[in-house]
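These notes are about the structure you will find just below.
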Amino acid sequence: MLLGVGRHSLAKERRNPTVLLASVLAPAAVFLVVKGDASPLAEAADVEPVVEQAPMAAAEPAAPCCVEIVASPATAPDPALTVVPASASADPVSLVSASRWRVVSRTLPAGVAPERGLQVRTILTSRSISAVFPEISNIGGVRPDSLRWHPNGLALDVMIPNYTSQAGIALGNQIVAFVMANAERFGIQDAIWRGAYYTPGGGVRAGGYGHYDHVHITTTGGGYPSGDELYFR
């Protein structure tokens with residue numbers, strides 16, 4: 001009996017609701033604690049910016065902040081030794097040797113007139129006509145004549161191509177106008193073309209002077225060249 005009573009008493013104690021509830025809830029509490037530790041951390045609160053940026057217009061992209069632009073060191077050769085072509089486009093620039101420059105000189109090269117026996121102002125006149133009027137392919141100079149102008153190197157005969165045509169007549173007129181406009185520099189004494197005799201300052205005498213196929217030009221000479229002269233435009 002005593003043994004039986006003891007068993008029933010122990011069984012009742014084991015069936016005590018308080019003890020049973022505690023035994024059930026304790027593992028659940030542990031589980032909840034572990035479950036809470038394994039969950040992600042809460043999001044941090046927004047941090048105020050150190051520097052407040054001014055609001056941008058909606059249509060404009062935001063400009064990058066705090067960018068410093070520093071010029072890179074020059075890597076090209078010395079500009080004095082290189083050139084850039086004029087036709088350079090947006091393509092990468094090509095450097096060209098300075099020897100490729102075309103030097104434009106104001107000196108006049110020899111023209112189409114034979115210069116042997118001509119005096120310096122006559123040479124200057126003939127070279128200038130050749131430079132300005134490339135249509136002229138024949139200029140006479142020294143030749144025998146009853147008058148002293150050609151034999152002494154003081155006169156030129158500028159032969160006009162197609163001298164009877166309107167273009168030929170206009171070309172002769174232009175040459176006369178050119179030498180008269182530069183009469184002081186060329187040392188012009190006179191010119192004869194299509195029967196008219198021209199002198200510096202606008203003097204013209206018409207009739208009976210001939211010279212329909214060429215413009216005759218007389219200079220004041222200036223002496224014979226030594227060979228070291230330079231003739232300029």
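Just so you know, residue 1 is the first one in the sequence shown, and it goes up from there. Note that the structure is predicted; figures quoted are calculated from it, not measured.
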Practice item. List the steps and the verdict of side chain to side chain contact (heavy atoms under 4.5 Å, CB included) for Arg233 and Arg127. Key: CA-CA 9 Å; Arg233 296 178 186 273; Arg127 290 191 180 193; over 6 Å; no
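- With sequence neighbours excluded, the residues that form a side chain to side chain donor-acceptor pair (under 3.5 Å) with Asn173 are Trp193.
- For Tyr197, the OH atom is densely surrounded, since the number of other residues' heavy atoms within 6.0 Å is greater than 12.
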Residues 204-213, side-chain donor-acceptor partners within the protein, below 3.5 Å, at least two apart:
unit_1 : atom_1 : unit_2 : atom_2 : d
Arg205 : NE     : Tyr209 : OH     : 3.3
His211 : ND1    : Tyr209 : O      : 2.7

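- In this structure, Ile136 and Leu171 have side chains that are in contact, with non-hydrogen atoms separated by less than 4.5 Å.
- Ala167 meets the side-chain contact (heavy atoms from CB on, under 4.5 Å) test with Ser165; sequence neighbours excluded.
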Side-chain donor/acceptor pairs under 3.5 Å, residues 179-186, sequence neighbours excluded:
unit_1 : atom_1 : unit_2 : atom_2 : d
Asn182 : ND2    : Phe178 : O      : 2.9
Arg185 : NH1    : Phe232 : O      : 3.4

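- Residues satisfying the side chain to side chain donor-acceptor pair (under 3.5 Å) test with Thr125, not counting sequence neighbours, are none.
- Put simply, Tyr163 and Phe133 are part of the same group of oily side chains (I, L, V, M, F, W, Y) that touch within less than 4.5 Å, one to the next.
- Under the salt bridge (charged side-chain N to carboxylate O under 4.0 Å, His left out) criterion, no residue pair touches residues 159-172, with sequence neighbours excluded.
- Of the possible polar contacts, one joining the Asp145 side chain to the Leu147 backbone as a donor-acceptor pair under 3.5 Å is found.
- The shortest non-hydrogen separation linking Ala131 to Leu108 is CB-CD2, 3.8 Å.
- Judged as a side chain to side chain donor-acceptor pair (under 3.5 Å), and not counting sequence neighbours, Ser126 has no contacts.
- For Arg194, there are no side chain to side chain donor-acceptor pair (under 3.5 Å) partners two or more places apart in sequence or in a different chain.
- Listed for the Gln189 side chain is no donor-acceptor partner under 3.5 Å among the backbone atoms of Thr220.
- Ile129 CD1 to Glu135 CD: the interatomic distance, rounded to the nearest 0.5 Å, is 12.0 Å.
- Checked by atom type, the side-chain pair Thr199/Asp190 shows no donor-acceptor distance below 3.5 Å.
- Residues forming a side-chain contact (heavy atoms from CB on, under 4.5 Å) with Glu229 (at least two apart in sequence, or on another chain): Val120, Pro225, Ser226, Tyr231.
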Name each donor-acceptor pair under 3.5 Å that joins a side chain in residues 155-162 to protein atoms two or more places apart or in another chain, with its distance.
unit_1 : atom_1 : unit_2 : atom_2 : d
Asp157 : OD1    : His150 : NE2    : 3.3
Asp157 : OD1    : His214 : NE2    : 3.3
Asp157 : OD1    : His216 : ND1    : 3.3
Asp157 : OD2    : Arg143 : NE     : 3.3
Asp157 : OD2    : Arg143 : NH2    : 3.2
Asp157 : OD2    : His150 : NE2    : 3.3

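- By the 4.5 Å heavy-atom criterion applied to side chains, Thr219 and Gln119 are not counted as neighbours.
- Arg116 is linked by a side-chain contact (heavy atoms from CB on, under 4.5 Å) to nothing, counting only residues two or more places apart in sequence or in another chain.
- Here Arg121 pairs with nothing under the salt bridge (Lys or Arg N to Asp or Glu O under 4.0 Å) rule; sequence neighbours left out.
- The line from CG of Leu118 to CD1 of Ile139 is 10.0 Å long, rounded to the nearest 0.5 Å.
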